[in-house]
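In what follows, residues are counted from 1 in the order of the sequence shown. Everything numeric in this text was worked out from a predicted model, so none of it was measured.
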Amino acid sequence: MIKDIRVSRIFNSRGEETLRVYVETNKGVFFSDCPSGKSRGSAEPVVKSFEEIISFFTEFRKNLIGFEEEDFSSLDEFVEQFAGERFSRIGGNLAIALSQAVVKAASEGGVYEFLRPGAFVFPYPLGNVIGGGRHGGFTDIQEFLVVPVEAENIREAIETNFSIWRDVKQIAEKKGLYFGRNDEGAVMFKGDHTAVLKVLSRVCEEYGARPGIDVAATTLFRDGKYVYEKEGFSLTPGEQLDFMVELSEVYGLVYIEDPFHEEDFSSFSELRRKVRSLVCGDDLFVSSPERLEVGNTMKSASAVLVKPNQAGTVSRALRTVELARRSKMYVVVSHRSGETCDSFISDFSVGVGAELIKCGITGGERVAKLNRLIEIWEEVSRTRVPRMARIKG
Ligand code: PGA
Ligand code: ZN
């Protein structure tokens, strides 16, 4: 039974203020942190400052004492109703940190095991090797990613991503094109998208991995056009579609995230019909079951990004996964660019049997998630034979 709940003002990997929630039960004290994004969808939950949360927390807290942690879905339901549209009454940051802490409290044997006992399928780590856009870098495309599709276990998969990241960094350094690491630890490579994709696809080939991209196109969309400001060109929506098809074909992309702005469900559908790459919606769906339903009727995407803090509660994130499964979509569990060392998403990804997990490659807050995956793999191995998910495309 939940006996007490406390909030604490902590910091994320960017040094910005964020929130930790402590939940005390008869079994002990459990906590979880809220991450923060920089390329946020406009339909995401509202974020409240610590001062705002403190102003109503004492009263709000009284409603939660006495809930049974095992029945986290009832608590989530109460919070969702209380919080209202986009969690505007209490903030999605409070809601998700609370929900995750309660799930941790409920799951003595690990969150992955609690969410789905017997879970043994592992996601491929979708690693961010070269960065741009708002996260820092020289391209307007936000992320140049890799999927180690030939790796046979999680450690090998993580190691492959590290090797690719290291090789790309070395190539950049040798050519005098290395500008450091960005918000997610990705290399800031002094070059345009063509230069970057050429290097990345060559290194990928050496390691049996496949490249992908997150365009985060909402951040580029201005007055009806996609403005590639850093690289100095603009595209109409039609040209953007052709551009995506070309990148997919030339570089054999396995994954394309947010190729169009957050309201353009129909261009997503068109691209999906034209390419072999997985087409994934991030800002398009904002991990919301309601928006995913709209996308499904239009067959907008073959994959959905699930960021628990976009969903607002663990139960809501699970509903999004459930809907995705019904329409045979891939599930990609994801971190945010501003992170803490909380590794809840690693457990969540195994628990829901996600095909991919996007949690970066380097930096303590990213490595915490990767190492947790290794820990879970080793735990599962004691009783079963774990395996990697199957990726097509
Ligand atoms: P964000 O970006 O966490 O900065 O919003 C991540 C993404 O677009 O996938
Ligand atoms: Zn994204």
Side-chain angles (χ1 to χ4, degrees), residues 5 7-10 12-14 16-21 23 31-57 60-61 63-64 72-104 134 216 218-219 257-258 261-263 281-295 304-324 331-340 342 344-345 348 352 358:
I5 298 174
V7 287
S8 169
R9 190 167 67 98
I10 59 158
N12 70 19
S13 52
R14 268 196 289 260
E16 300 158 340
E17 165 182 318
T18 189
L19 196 69
R20 170 171 292 179
V21 174
V23 170
F31 66 85
S32 192
D33 307 334
C34 181
S36 341
K38 235 183 200 176
S39 63
R40 289 172 24 201
S42 45
E44 282 197 30
V46 169
V47 174
K48 293 257 191 229
S49 72
F50 190 73
E51 275 68 33
E52 286 173 298
I53 288 171
I54 280 301
S55 71
F56 63 79
F57 189 72
F60 175 62
R61 176 185 158 281
N63 299 303
L64 311 172
F72 71 98
S73 53
S74 296
L75 187 136
D76 282 349
E77 199 183 321
F78 168 79
V79 169
E80 284 170 31
Q81 273 171 13
F82 185 92
E85 184 79 2
R86 292 179 58 218
F87 293 84
S88 55
R89 205 163 153 202
I90 64 160
N93 46 337
L94 171 59
I96 193 61
L98 169 67
S99 180
Q100 291 183 169
V102 172
V103 169
K104 284 186 186 180
R134 288 196 186 159
T218 305
T219 62
E257 181 180 321
D258 279 0
H261 73 84
E262 62 193 358
E263 296 304 336
D282 172 10
D283 292 348
L284 184 75
F285 301 130
V286 289
S287 311
S288 138
E290 297 77 26
R291 284 183 70 96
L292 186 57
E293 218 139 10
V294 177
V304 55
L305 209 72
V306 181
K307 292 167 165 168
N309 84 316
Q310 271 184 342
T313 64
V314 176
S315 306
R316 200 154 176 272
L318 290 171
R319 290 206 291 282
T320 302
V321 169
E322 177 61 33
L323 256 181
V331 171
V332 186
V333 171
S334 171
H335 66 167
R336 302 307 301 252
S337 52
E339 267 293 341
T340 72
D342 193 322
F344 184 90
I345 59 163
F348 186 82
V352 302
K358 189 163 89 154

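The shortest non-hydrogen separation linking I90 to A95 is CD1-CB, 4.0 Å. In terms of heavy-atom proximity, K104 sits nearest to F344 at CE-CD1, 4.0 Å. Nearest heavy-atom pair, C34 versus T18, reported as atom, atom and distance to 0.1 Å: O-OG1, 2.6 Å. Scanning all heavy atoms of the two residues, the minimum distance from P308 to I96 falls at O-CD1, 3.3 Å. The nearest pair of heavy atoms linking L323 to P289 is CD1-O, 3.2 Å. Considering all non-hydrogen atoms of both residues, G92 and P45 come closest at CA-CB, 3.7 Å.
Aromatic ring orientation, F82 versus F60: tilted (interplanar angle from 30° to 60°).
Of the charged side-chain nitrogens involved, none lies within less than 4.0 Å of a carboxylate oxygen, so that E44 and K307 do not count as a salt-bridged pair. A salt bridge does not link K38 with E16: none of the charged nitrogens is closer than 4.0 Å to a carboxylate oxygen.
Atom-to-atom distance recorded for F87:CZ and T313:OG1 is 5.0 Å, nearest 0.5 angstrom. One finds the CD1 atom of I345 at 10.5 Å from the NZ atom of K358 (value rounded to the nearest 0.5 Å). Atom CG of L284 and atom CG of L305 lie 11.0 Å apart (nearest 0.5 Å).
In this structure, D33 contributes its side chain and T340 its backbone to no donor-acceptor pair below 3.5 Å. Distance alone, capped at 3.5 Å, is enough to place a donor-acceptor pair between the K48 side chain and the S88 backbone. Under a 3.5 Å cut-off, the side chain of S99 and the backbone N or O of V314 do form a donor-acceptor pair. A donor-acceptor pair is defined here as one N or O able to donate and one able to accept, closer than 3.5 Å; such a pair exists between the side chain of S13 and the backbone of E339. In this structure, D258 contributes its side chain and D282 its backbone to a donor-acceptor pair below 3.5 Å. The main-chain N or O of A216 is never found under 3.5 Å from a side-chain atom of D283 such that the two would form a donor-acceptor pair. In terms of modelled atom types and a separation under 3.5 Å, the side chain of T320 and the main chain of S287 share a donor-acceptor contact. Between the D76 side chain and the S315 main chain, a donor and an acceptor come within less than 3.5 Å of each other.
At least one side-chain heavy atom of L64 sits less than 4.5 Å from a side-chain heavy atom of F78. Taking the side chain as every heavy atom from C-beta outward, R40 and V47 approach each other to under 4.5 Å. A 4.5 Å side-chain heavy-atom check between I5 and F57 finds at least one atom pair inside the cut-off. Two residues are said to be in side-chain contact when any heavy atoms from C-beta on lie closer than 4.5 Å; F50 and L19 meet this criterion. Side-chain contact between F348 and V103: absent, with no pair of heavy atoms (C-beta onward) separated by less than 4.5 Å.
A side-chain donor-acceptor contact under 3.5 Å links S42 and E262. Inspection of the N12 and S36 side chains reveals an N or O donor paired with an N or O acceptor under 3.5 Å.
If you run side-chain contact (heavy atoms from CB on, under 4.5 Å) between N93 and each of I53, V7, N309, only I53 comes through.
With sequence neighbours left out, E17 forms a salt bridge (charged side-chain N to carboxylate O under 4.0 Å, His left out) with R9.
Legend: salt bridge (Lys or Arg N to Asp or Glu O under 4.0 Å) pairs involving residues 308-317, not counting sequence neighbours, sorted by first then second residue: E290-R316. For residues 81-94, no residue pair satisfies the salt bridge (Lys or Arg N to Asp or Glu O under 4.0 Å) rule, not counting sequence neighbours.
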